Amino acid sequence: MGSKAIEEWQKGKTVVLVYPVDKWLLMMVKAVFGEAADIRNLGDVKWIATEDGSTGKGTGRHIAMFILRKDTHHDR
């Protein structure tokens, strides 16, 4: 999943990826990169089922939203 997102970003597209992570990791990224890291903490998301519209209980983990913006891509 992550490698596909990076490939699309390298093609010049903006990519939004949500993934469960531990809160300490979000805190570490913010401490090291500050506001330059476009990662947002969505908290414990209570996803809505597509089948019947019911709300889930959440996972107990924080969900991070990683935003890879097309205008920040640098060839490496």
Side-chain angles (χ1 to χ4, degrees):
M1 175 168 47
S3 61
K4 176 68 172 170
I6 292 168
E7 287 175 22
E8 293 300 311
W9 175 66
Q10 289 173 333
K11 292 178 186 176
K13 298 177 182 177
T14 294
V15 176
V16 176
L17 177 70
V18 293
Y19 200 79
V21 296
D22 293 326
K23 187 174 180 182
W24 70 266
L25 181 61
L26 292 166
M27 293 168 47
M28 179 71 73
V29 169
K30 184 166 181 136
V32 173
F33 296 103
E35 297 305 316
D38 208 347
I39 303 172
R40 300 177 191 175
N41 184 357
L42 302 179
D44 185 11
V45 175
K46 297 181 178 32
W47 302 104
I48 297 174
T50 57
E51 299 82 7
D52 61 8
S54 63
T55 303
K57 299 179 204 172
T59 63
R61 294 187 72 189
H62 289 259
I63 304 295
M65 179 173 65
F66 298 86
I67 304 171
L68 307 177
R69 299 191 187 278
K70 65 180 178 182
D71 56 341
T72 59
H73 177 258
H74 303 286
D75 290 325
R76 290 179 168 80

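Just so we're clear, the structure is a prediction, and the values are computed from it rather than from any experiment.
For Glu8, the salt bridge (Lys or Arg N to Asp or Glu O under 4.0 Å) partners at least two apart in sequence or on another chain are Lys4, Lys11, Lys13. Remark: Thr55 pairs with no residue by the side chain to side chain donor-acceptor pair (under 3.5 Å) rule, at least two apart or across chains.
Each salt bridge (charged side-chain N to carboxylate O under 4.0 Å, His left out) pair with one or both residues in residues 18-33, not counting sequence neighbours, appears once here: Asp22-Arg61, Lys30-Glu35.
Looking at Leu17, Leu25, Val29 one by one, the single match for side-chain contact (heavy atoms from CB on, under 4.5 Å) with Ile39 turns out to be Val29.
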Enumerate, atom names and distances included, each donor-acceptor pair closer than 3.5 Å involving a side-chain atom of residues 40-51, sequence neighbours excluded.
{"residue": "Asn41", "atom": "OD1", "partner": "Gly43", "partner atom": "N", "Å": "2.7"}
{"residue": "Asn41", "atom": "OD1", "partner": "His62", "partner atom": "ND1", "Å": "3.1"}
{"residue": "Asn41", "atom": "ND2", "partner": "His62", "partner atom": "ND1", "Å": "3.1"}
{"residue": "Asp44", "atom": "OD1", "partner": "Thr59", "partner atom": "N", "Å": "2.9"}
{"residue": "Asp44", "atom": "OD1", "partner": "Gly60", "partner atom": "N", "Å": "3.1"}
{"residue": "Asp44", "atom": "OD2", "partner": "Gly60", "partner atom": "N", "Å": "3.2"}

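Both Phe66 and Phe33 belong to a common hydrophobic cluster when Ile, Leu, Val, Met, Phe, Trp and Tyr are linked at side-chain heavy-atom distances under 4.5 angstrom.
Taking a 6.0 Å sphere around CE of Met28, one finds it holds 12 or fewer heavy atoms contributed by other residues, nucleotides or ligands.
Under the 4.5 Å side-chain criterion, counting only non-hydrogen atoms from C-beta, Val21 is in contact with Leu26.
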